[in-house]
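We use all heavy atoms of the structure for the numbers below, so side chains are in, but hydrogens, waters and symmetry mates are not. In what follows, residues are counted from 1 in the order of the sequence shown.
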Amino acid sequence: MKLKILATAVLVSTICYAIPVQAANSAHVRQLLKTGKCPGCELAGADLRSAHLIGADLRNANLKGANLRNANLEGADLTSANLTGANLSQVFASDIDLSATNLTNAKLTNAKLTNANLEGAVLAGVDLKEVILYSDFSR
């Protein structure tokens, strides 16, 4: 009997350690995907791969470690957002506002940024391999 209890306890504890912890607030993720507006939201670790976030309001949002790979961020406002360690590889973003955004250790590999406002952004350790930056200086 004690052996069964011990075996069950070991099995349950192994399963608990194997389940990944998701820090993102699921209600905030749904709100963002439904309305495109989620300023100040808790989206750390959120899986937003290939999301259409055109014109999204993500000012002051916590997107630490979020996966935004291949997302469309045209016209999005991420002013003062936390994108520390976020995956932004292959994103398409024109007229995006990343001012005062923390992009420490973010991955921007193969991202396409057109007219991105990066004023005051923290870019320490950012992976910029093959990133394409365009700017329309005639504006």
Side-chain angles (χ1 to χ4, degrees):
M1 180 68 169
K2 289 181 182 179
L3 184 58
K4 284 184 182 179
I5 293 171
L6 179 61
T8 303
V10 169
L11 179 63
V12 169
S13 65
T14 304
I15 292 170
C16 289
Y17 285 115
I19 298 171
V21 176
Q22 184 75 7
N25 180 319
S26 59
H28 288 177
V29 173
R30 285 191 304 275
Q31 175 185 335
L32 173 62
L33 295 175
K34 183 177 181 182
T35 69
K37 294 176 181 22
C38 210
C41 282
E42 180 56 55
L43 300 165
D47 185 358
L48 297 166
R49 285 175 291 177
S50 300
H52 292 278
L53 301 173
I54 299 166
D57 182 355
L58 288 163
R59 292 170 292 150
N60 299 302
N62 182 11
L63 289 146
K64 183 177 182 177
N67 187 354
L68 290 148
R69 181 182 181 90
N70 204 37
N72 186 334
L73 295 168
E74 290 179 80
D77 187 351
L78 286 110
T79 303
S80 299
N82 180 3
L83 287 159
T84 302
N87 183 355
L88 295 155
S89 58
Q90 298 177 340
V91 298
F92 177 77
S94 62
D95 301 309
I96 187 171
D97 194 344
L98 293 166
S99 57
T101 298
N102 186 349
L103 289 157
T104 301
N105 297 321
K107 184 176 182 180
L108 283 149
T109 306
N110 294 311
K112 292 175 183 71
L113 304 176
T114 304
N115 297 322
N117 180 359
L118 292 162
E119 185 176 345
V122 178
L123 301 169
V126 175
D127 183 352
L128 296 169
K129 288 183 191 110
E130 299 184 42
V131 69
I132 299 171
L133 293 169
Y134 294 106
S135 186
D136 182 358
F137 294 109
S138 64
R139 291 185 187 206

For [X] and [Y], work out which heavy atoms get closest and say how close.
X      : Y      : answer
Thr104 : Asn102 : OG1-OD1, 2.6 Å
Val91  : Leu68  : CG1-O, 3.2 Å
Ala86  : Leu63  : CB-O, 3.8 Å
Leu83  : Ala106 : O-CB, 3.7 Å
Cys38  : Ala61  : O-CB, 4.0 Å

Please round to the nearest 0.5 Å and tell me the distance separating atom [atom1] of [X] and atom [atom2] of [Y].
X      : Y      : atom1 : atom2 : value
Leu88  : Arg69  : CG    : CZ    : 11.0 Å
Leu113 : Tyr134 : CG    : OH    : 10.5 Å
Thr84  : Leu103 : OG1   : CG    : 8.0 Å
Asn67  : Leu43  : CG    : CG    : 13.0 Å
Asn87  : Asp127 : CG    : CG    : 9.5 Å
Leu48  : Leu33  : CG    : CG    : 6.0 Å

Short side-chain donor-acceptor distance under 3.5 Å, Asn110 and Ser89: no
Between [X] and [Y], is there shared hydrophobic-cluster membership here, with clusters defined by ILVMFWY side-chain heavy atoms closer than 4.5 Å?
X     : Y      : answer
Leu58 : Val122 : no
Ile54 : Ile96  : no
Phe92 : Ile132 : no

Under the 3.5 angstrom rule, does the side chain of Glu74 hit a backbone N or O of Asp95 as a donor-acceptor pair? no
Would you say the side chain of Ser50 lies within less than 4.5 Å of the side chain of Asn70, judging by non-hydrogen atoms? yes
